[in-house]
*Asks:* 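Quick one: structure below, then a few questions.
All figures in this text were calculated on a predicted structure; none of them were measured in a lab.
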Amino acid sequence: RDLHYPLRRQRQMCIRDRCISKSDIAEKSTTYRAELFALLSACYGFSAESNFFKAASHGIKSGKMMEKAIEADDKNPFVYLIKGIGDYTRPAFAGASKKNAKENLIIVLNLLDENTSNRDLLMESITHFHLGNIAYLEKDNELSLEYLNKSLEFAPQYKRANDLKIKIKS
């Protein structure tokens, strides 16, 4: 076991608590409103996963923050990226869904394709990585490698994509 785990865990909890304590900022914001709500959704989701006593209330708040993010800007690829990642990384008891994750991650790619003037290669790389990771979890190594190769085309130094690619090939 990692000797630094308690320190990392403590830091994660501190970041989570700070994020949630600033949740009123998104309500008052006029710029980056959708992104702020999406980040709050992720913070509440993390809190729900890491704190059994707050799991129900923060899980609900996470969902509400995501609804507000989509309401603020339903054409924002960052919002759907956060939604897609959350859809498959949350625990099964909290409604994890690889199907929903794939749908939301495909929305990210479609939105990025629609707006070529604002192309975000890092976001494309992250999206392809997560699609590749889902394919890997579903035991479709061929599809996973396709997504991972695409991810690495956009960001050749992306460690997580490269590590998973190596793992599949070994």
Side-chain angles (χ1 to χ4, degrees), residues 15-16 19-20 22-49 58-92 94-165 168:
I15 291 168
R16 177 204 68 200
C19 179
I20 290 170
K22 304 292 184 195
S23 61
D24 62 325
I25 292 172
E27 292 287 350
K28 297 173 185 173
S29 175
T30 55
T31 56
Y32 301 109
R33 188 177 176 95
E35 290 90 343
L36 289 170
F37 280 126
L39 288 171
L40 280 169
S41 174
C43 288
Y44 278 114
F46 177 67
S47 177
E49 292 173 27
H58 283 196
I60 290 167
K61 285 181 182 178
S62 175
K64 287 185 187 299
M65 292 296 123
M66 186 51 69
E67 287 172 11
K68 287 182 177 188
I70 291 171
E71 185 180 296
D73 185 356
D74 67 347
K75 297 290 186 198
N76 188 320
F78 179 77
V79 170
Y80 288 97
L81 178 63
I82 298 297
K83 184 169 175 42
I85 294 169
D87 280 339
Y88 87 96
T89 58
R90 74 174 54 97
S97 169
K98 292 180 192 91
K99 179 181 176 281
N100 289 346
K102 289 187 282 189
E103 288 173 6
N104 285 304
L105 293 170
I106 295 298
I107 289 171
V108 173
L109 296 176
N110 290 337
L111 289 170
L112 291 170
D113 283 343
E114 286 175 15
N115 189 358
T116 55
S117 66
N118 194 19
R119 192 106 189 201
D120 187 331
L121 299 181
L122 183 58
M123 192 177 301
E124 287 199 44
S125 181
I126 292 168
T127 303
H128 280 96
F129 165 75
H130 284 286
L131 287 166
N133 194 40
I134 293 168
Y136 171 74
L137 294 172
E138 294 177 333
K139 313 269 189 263
D140 189 341
N141 289 347
E142 186 176 324
L143 181 59
S144 180
L145 286 172
E146 285 179 37
Y147 281 124
L148 294 171
N149 286 331
K150 193 75 168 169
S151 175
L152 290 166
E153 280 178 33
F154 295 116
Q157 302 302 316
Y158 192 3
K159 184 173 174 16
R160 292 181 72 193
N162 198 43
D163 289 352
L164 183 55
K165 181 179 175 181
I168 291 170

*Asks:* For the backbone of Phe129 and the side chain of Asn133, can you confirm whether one donor and one acceptor N or O come within less than 3.5 Å of each other?
*Replies:* no
*Asks:* With heavy-atom distances below 4.5 Å as the criterion, would you say the side chains of Leu131 and Ile106 are in contact?
*Replies:*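 Of all side-chain heavy-atom pairs linking Ile106 with Leu131, at least one is under 4.5 Å.
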*Asks:* For the atom pair CG (Leu109) and CG (Asp113), what is the distance rounded to the nearest 0.5 Å?
*Replies:* 6.5 Å
*Asks:* Is the shortest heavy-atom distance from the side chain of Tyr136 to the side chain of Leu148 under 4.5 Å?
*Replies:*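 Counting from C-beta outward, Tyr136 and Leu148 never come under 4.5 Å.
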*Asks:* Should Lys150 and Glu146 count as an ion pair when the cut-off is N to O under 4.0 Å?
*Replies:* no
*Asks:* What are the two closest heavy atoms between Met65 and Tyr44, and how far apart are they?
*Replies:* CG-CD1, 3.9 Å
*Asks:* Just verifying a value: how many Å separate Lys61 NZ and Cys43 SG, rounded to the nearest 0.5 Å?
*Replies:*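 Going from the NZ atom of Lys61 to the SG atom of Cys43 covers 12.5 Å.
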*Asks:* Could you state the interatomic distance from CD1 (Ile134) to NE2 (His130), rounded to the nearest 0.5 Å?
*Replies:*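 Output value for this atom pair is 8.5 Å.
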*Asks:* Tell me whether Ser41 contacts the main-chain N or O of Ser62 through its side chain, where contact means a donor paired with an acceptor under 3.5 Å.
*Replies:* yes
*Asks:* I'd like to check Val108 versus Ile126 (side-chain heavy atoms, cut-off strictly below 4.5 Å). Are they in contact?
*Replies:*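 No, their side chains stay 4.5 Å or more apart.
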*Asks:* Could you report the tightest heavy-atom contact between Ala155 and Ser125, atom names first, then the distance?
*Replies:* CB-OG, 3.4 Å
*Asks:* Would you call the rings of Tyr147 and His128 parallel, tilted or perpendicular, where under 30° means parallel and over 60° means perpendicular?
*Replies:* tilted
*Asks:* Can you spot which of Asp87, Val79, Leu40 makes a side-chain contact (heavy atoms from CB on, under 4.5 Å) with Met66?
*Replies:* Val79
*Asks:* Suppose the criterion is side chain to side chain donor-acceptor pair (under 3.5 Å): which pairs have a residue in residues 70-83, not counting sequence neighbours?
*Replies:* Glu35-Asn76
*Asks:* Any chance you could measure Ile70, atom CD1, to Ile82, atom CD1, to the nearest 0.5 Å?
*Replies:* 11.5 Å
*Asks:* Asp140: what forms a salt bridge (Lys or Arg N to Asp or Glu O under 4.0 Å) with it, not counting sequence neighbours?
*Replies:* none
*Asks:* Would you check if Tyr158 and Leu152 make a side-chain contact, meaning some heavy-atom pair closer than 4.5 Å?
*Replies:* yes
*Asks:* Would you name the heavy atoms of Ala69 and Ala38 that are closest together and state the gap between them?
*Replies:* CB-N, 3.6 Å
*Asks:* Compare every heavy atom of Ser144 with every heavy atom of Gly132, then report the nearest pair and how far apart it is.
*Replies:* O-OG, 2.7 Å
*Asks:* Is the CD atom of Glu114 crowded by more than 12 outside heavy atoms at less than 6.0 Å?
*Replies:* yes
*Asks:* Test side chain to side chain contact (heavy atoms under 4.5 Å, CB included) on Leu39 and Phe78 and set out the steps.
*Replies:* CA-CA 10 Å; Leu39 288 171; Phe78 179 77; 3.8 Å; yes
*Asks:* Taking C-beta and beyond as the side chain, do Lys68 and Lys64 meet within less than 4.5 Å on heavy atoms?
*Replies:*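 No, their side chains stay 4.5 Å or more apart.
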*Asks:* Distance check, rounded to the nearest 0.5 Å: Asn149 atom CG versus Asn162 atom CG?
*Replies:*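 These two atoms lie 10.0 Å from each other.
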*Asks:* How long is the straight-line distance from CD of Glu124 back to OG1 of Thr127, given to the nearest 0.5 Å?
*Replies:*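 It comes to 7.5 Å.
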*Asks:* Please identify which of these residues, Asp120, Leu121, Leu81, meets the side-chain contact (heavy atoms from CB on, under 4.5 Å) condition with Leu112.
*Replies:*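 Testing Leu112 for a side-chain contact (heavy atoms from CB on, under 4.5 Å) against Asp120, Leu121, Leu81 leaves exactly one candidate, Asp120.
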